[in-house]
Amino acid sequence: MTAPAMVAEFDDVAGWTADAAEQLGCRHAIPAACRGSADPAALAWLAEACELGPGATLLDVGAGVGGPAAWAAQRFGVQPILLEPMPTAGRAAARLFGLPVITADGRRIPLRTGSVDAAWCLGVLCTVEDKAAVLREIHRVLRPGAPLGLLAVVAEGPLTALAVPEGNHFPTRPQLADLLAGTGFRLVEQVRPAGRTPRSWSRRAARVTALVTAQHRTEPAHALAARQGERFTHLFATGRIATWLVHARKEDT
Ligand SMILES: C[S@@+](CC[C@H](N)C(=O)[O-])C[C@H]1O[C@@H](n2cnc3c(N)ncnc32)[C@H](O)[C@@H]1O
């Protein structure tokens, strides 16, 4: 069962975010809808590493409100397919960007085997207990040799006795490497994001967040999601968790 705080964060706040982005104007949509902490530099690294190009299908697993996929379509000409289990988030992505959204779980992807040119999965694996099941399904739907881009939040050490955001299970980097190898992926490269988000981007995202807070601060879902955010911020600030960008390839079989 999905933790209530995750429903608040990934469904309620996702829908409010899309509403606020629409109210503030379309320039706000992509920055506000990148909800896995990806910024333009991180997305560009993933797109270049995965050699995305015009017309290629990009399956975004756990696409949320669709910001990263919309960015990749705009900048690299890919044809995104979004897969997102939270219905409000999926509807928000379809509304904001007019992209095709499949409402489904990453552990059971309703696409044909070997039918997808590239996949992204950004900020998702730490929210899933059975990470191998998601990676196996992504592996199945990718064509042989196809790239997978991950934005992974990993544990830098033991997290026991710390306040971890509800429903999150952070792998360590060695565990992530083992998971990729065990599900048929070759880990090509992994880097820390540069962390220099342009102010023009973060300002637009912050305006949307401020409007969401102004409109929904009294609702229980807002408080639940805010507590998740505070726990993330603390773990990042104290170096207990960190973000890595990962490029892997489906092994040719
Ligand atoms: C931190 S958000 C990231 C959203 C998006 N990838 C982005 O970067 O903006 C994590 C997303 O993973 C989705 N998710 C959680 N469990 C999932 C699963 N089993 N299969 C697919 N997506 C899942 C959540 O609904 C949420 O939208």
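Whatever order the structure lists them in is the order used to number ligands and atoms, beginning at 1.
- Annotation: side-chain hydrogen bond (donor to acceptor under 3.5 Å, both in side chains) contacts of Glu230 (sequence neighbours excluded): none.
- Electrostatic pairing of Asp117 and Arg143 counts as a salt bridge here, judged by a charged N lying under 4.0 Å from a carboxylate O.
- Taking the six-membered ring where the residue is Trp, Phe76 and Trp71 present tilted rings, their angle falling between 30° and 60°.
- With sequence neighbours left out, Ala242 forms a side-chain contact (heavy atoms from CB on, under 4.5 Å) with Glu156, Arg192, Trp244.
- Listed by chain and number, the residues in a side-chain hydrogen bond (donor to acceptor under 3.5 Å, both in side chains) with Arg91 amount to none (sequence neighbours excluded).
- Using a 4.0 Å cut-off between charged side-chain N and carboxylate O, Arg227 and Glu166 make a salt bridge.
- Listed by chain and number, residues touching ligand 1 at under 4.0 Å (heavy atoms only) are Phe10, Ala33, Cys34, Arg35, Gly36, Gly62, Ala63, Gly64, Pro68, Glu84, Pro85, Met86, Asp105, Gly106, Leu122, Gly123, Val124, Thr127, Val128.
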